[in-house]
Amino acid sequence: MAKDGFIYLAETSGAAANFSFTSIPSGFVDLVMRGSVQSATGSFTQTADMRCNGDTGSNYDQFFFGTNGSTSTTYSSETAAQASGTLGVCGGSYLGTWTAEWETYISGYDDSTSYTTWVTRCGMGGGASGYNVNAFAGGIWRNTATVTSLTSVNLNQDADTRILLFGRRI
C-alpha cells in the first residue's frame, strides 16, 4: 500500500476487551484504520466508540447514520459532549461469525490549530436471511493536542477481529 501513500503503522487482532494503538507518530495527512471487526457481545449488533489519548472527559461529539436491510430500518443520532465518540458498528456473537468491514479516516490528529475528526464507513451483510447493517459514523475530539493513542470503547472484539492502522501521505 505504500505506493498509494499508506504507510503501515500497527495492527491488532484476536479477542480483547478493546484495542489500543499507542505511540502513534505525527507527520501524516490522516490516520486510516481498516479491518474486519466482530464483537463477542451477545447481541445482533454492537456499536463501538473511540477515545483519543485516553481522554474520558465530555469532549466528544458524535454521529451515526445507518440502515438495517433486514428490517428496512434507518437510524440517525447525533450527540454532543460525550466521554467517547462513535467509531462504528459490527455484528455481535449472537450472529455467529459475521464480521463488519470498517474503514476509518482520522484527520487533524497532529494539527494544533484544529480538532481531531474521524469518519467510519462500515457494513456487514448476511444475505436475505441475515442481519445486514451499513452505516456512517464518526466524531470530533474537541482538543487540539497531538493524538498519540487511539482506544476503542465497548467493542469487546472476538477472535475474528483484525484492524490495521496506517498513516496516509499525499
Only pairs under 3.5 Å count here: list side-chain donor-acceptor contacts from residues 138-146, not counting sequence neighbours, and write none if there are none.
from	atom 1	to	atom 2	distance (Å)
Trp141	NE1	Asp55	OD2	2.7
Arg142	NE	Asp61	OD1	3.3
Arg142	NE	Asp61	OD2	3.2
Arg142	NH2	Ser58	O	3.0
Arg142	NH2	Asp61	OD1	3.4
Asn143	OD1	Ala145	N	2.7

Kindly list each side-chain donor-acceptor pair under 3.5 angstrom involving residues 19-26, sequence neighbours excluded, with atom names and distances?
from	atom 1	to	atom 2	distance (Å)
Ser20	OG	Thr151	OG1	3.2

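With sequence neighbours left out, Thr116 forms a side-chain hydrogen bond (donor to acceptor under 3.5 Å, both in side chains) with no residue at all. Partners of Tyr8 under the ring pair (Phe, Tyr, Trp, His ring centres under 6.0 Å) rule, at least two apart in sequence or in another chain, do not exist in this structure. Under the ring pair (Phe, Tyr, Trp, His ring centres under 6.0 Å) criterion, Tyr115 pairs with no residue, sequence neighbours left out. For Thr161, there are no side-chain hydrogen bond (donor to acceptor under 3.5 Å, both in side chains) partners two or more places apart in sequence or in a different chain. With sequence neighbours excluded, the residues that form a side-chain hydrogen bond (donor to acceptor under 3.5 Å, both in side chains) with Thr148 are Asn53. With sequence neighbours excluded, the residues satisfying side-chain hydrogen bond (donor to acceptor under 3.5 Å, both in side chains) with Ser84 are Asp49. Not counting sequence neighbours, the partners of Asp111 by the side chain to side chain contact (heavy atoms under 4.5 Å, CB included) test are Thr113, Ser114.
Listed by first and then second residue, the salt bridge (charged side-chain N to carboxylate O under 4.0 Å, His left out) pairs that reach into residues 5-19 are Glu11-Arg162, sequence neighbours excluded. The stretch residues 20-32 participates, sequence neighbours left out, in these salt bridge (charged side-chain N to carboxylate O under 4.0 Å, His left out) pairs: Asp30-Arg168. A salt bridge (charged side-chain N to carboxylate O under 4.0 Å, His left out) check over residues 73-84, counting only residues at least two apart or in different chains, returns nothing.
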